[in-house]
Each structure stands twice: as C-alpha cells, then as structure tokens.
Amino acid sequence: YTGALERFQQADKIAPGNATNYNMIGLCHLRMRQYDLALKEFNHALELVPLFTDARNNRGTTYLAMGQYHLAEVDFVAVLGDSTYPHTRQVHYNLGLTHLERSQLGAAEENFRRAIALPDPVYEAYLRLAEIAQRQGELERSRTLLEEAQIEFPERAEVSFELGRVLILMNRDDEARPYLEQVIADQPDSEIADSARTLLGSI
C-alpha cells in the first residue's frame, strides 16, 4: 500500500483535483489504518463528486473502523440507496456490524441475512449470524448456520473452528473433535490452530 500511495500522490501532483484519485489515496490510508488521513481524502472526493458512491462506502468503512457507528450507518444507508452499486452484500454486512456493535440484534440480523444472499454471500456474515444465535441461546440455529457456511466456504478454517466450539457448547464433544482436528491439520502453526488445541484439551 505504501508503494501504491506514492503513485497516487504523484498522480495528484500531475493532475490535481481528481475525485477517483482522492478515493484511491484514501483507500490506501484505510488499508494502512491511517483513519484520519483516509477520512480527509474521502471527504475531498465527495466534495468534488457528492454522488461518488464508492468513496461514500469507503468513508463509512473508515467510520466503522474508528467506532463511529452512527456516521458509518448514515453512509452505508446512503450507499444502499444507489441501485447501481455492485457491492451491496458487503455494504449490508458492514451495516449489520454497526447495529451489532450497538447491540441492535434484530437490525444486525436483517442485514447479515441480506449479506449471505446467493450467489455471492459474504463469508463473515455467517459467523456474525451464528454469534447472534448464540447470544440468544439458540445453539442449534448457530450450528445450522455454520454448516451452511462450511458448504459455501469449505476452505475457511474459522468455520470449522466455530462448528467445533458450538458443538462443545452443545455437549457433543465427539462431533466437535473432527472439526477442530481439521483446523490443526490445515493450519498447524496458526493462532486458530492453537485455539483448537486448547478446546481439544478441554474435552
């Protein structure tokens, strides 16, 4: 991102005042977790092109990362008002996060449900829906969601880990074991594998 940022900054010197370039500079800062700098650039882009949906979505993502959930929500709702924007499932996921962080579980679940709509579901939305189900004491619903996620994303170790963890909570240790062992086999040197070993040691 540092190299990309330098190129975009060079482009701005050659042809200043380009909203797309400001958006890309802001995105570089966002990826580097330089949130104040990212906001500055997204605001520049939106001052030039108020209906620049991608810049508005990126600004909402920045607000979300900063914990400014109301401002993030305002931007995400505006983005969803653009029927031409192609990444609405990710926007619904991010909007769901703003509600989840404020314990607005109903609104969060509604948006996460929209985020897992086929054909391009957002993988993390399954995990958040499973988390909400667990908060509500519905372990069976959580398990079902995670099994759906595993069908859609069989390569994701986090899903196998969460399935194992939920099955342990349900006192189904023998069913949990293969999922946790799979995590360890797939990513033996990872933090999630260490967590899987800890869970295995508890059963």
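Start at 1 with the first residue, then count along the sequence. Quick caveat, the model's predicted, so the values are computed rather than measured.
Closest approach of P154 to I151, counting heavy atoms only: CD-O, 3.7 Å. Closest approach of R197 to P188, counting heavy atoms only: NH2-O, 2.7 Å. Taking all atoms of both residues into account, the shortest heavy-atom contact from A130 to L145 is N-CD1, 3.8 Å. A pairwise comparison of heavy atoms in L180 and L199 identifies CD1-CB, 3.8 Å as the closest pair. Nearest heavy atom pair, residue I132 against residue E109, reads CD1-N, 3.9 Å. Across every non-hydrogen atom of L100 and L105, the tightest pair is CD1-CD2, 3.7 Å.
Although no hydrogens or angles enter the test, the distance criterion places a donor-acceptor pair under 3.5 Å between the side chain of T62 and the main chain of N58. A donor-acceptor pair under 3.5 Å is formed between the side chain of R102 and the backbone N or O of T98. Between the side chain of R89 and the backbone N or O of L118, at least one donor-acceptor pair lies under 3.5 Å. Remark: the backbone N or O of A107 is paired with a side-chain donor or acceptor of N111 at under 3.5 angstrom.
Of the N and O atoms on the side chains of E152 and Y126, not one donor lies less than 3.5 Å from an acceptor on the other residue.
Using a 4.0 Å cut-off between charged side-chain N and carboxylate O, R165 and E162 make a salt bridge. With respect to E140 and R172, a salt bridge is recorded, a charged nitrogen being found less than 4.0 Å from a carboxylate O.
Evaluated for a side chain to side chain donor-acceptor pair (under 3.5 Å) with Y123, the options R156, E158, E155 yield exactly one hit, E158. Among L30, L37, D36, the single residue meeting the side-chain contact (heavy atoms from CB on, under 4.5 Å) criterion with Q34 is L37.
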Item to check | Verdict with supporting geometry, Y1 and L27, side-chain contact (heavy atoms from CB on, under 4.5 Å) | outcome: CA-CA 9 Å; Y1 296 115; L27 192 58; over 6 Å; no
Next on the checklist: I'd like to know whether L5 forms a side-chain contact (heavy atoms from CB on, under 4.5 Å) with I25, so could you lay out the CA-CA distance, the side-chain angles of the two residues, the decisive distance to 0.1 Å, and finally the verdict.
Outcome noted: CA-CA 6 Å; L5 178 60; I25 291 172; 3.6 Å; yes
Checklist entry - Can you list the steps and then say if H99 with E110 is a side-chain contact (heavy atoms from CB on, under 4.5 Å)? => result CA-CA 10 Å; H99 292 299; E110 178 184 349; over 6 Å; no
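In this structure, R7 places its CZ atom where only 12 or fewer heavy-atom neighbours from other residues, nucleotides or ligands lie under 6.0 Å away.
The aromatic rings of F112 and Y93 sit tilted relative to each other, their planes meeting at an angle between 30° and 60°.
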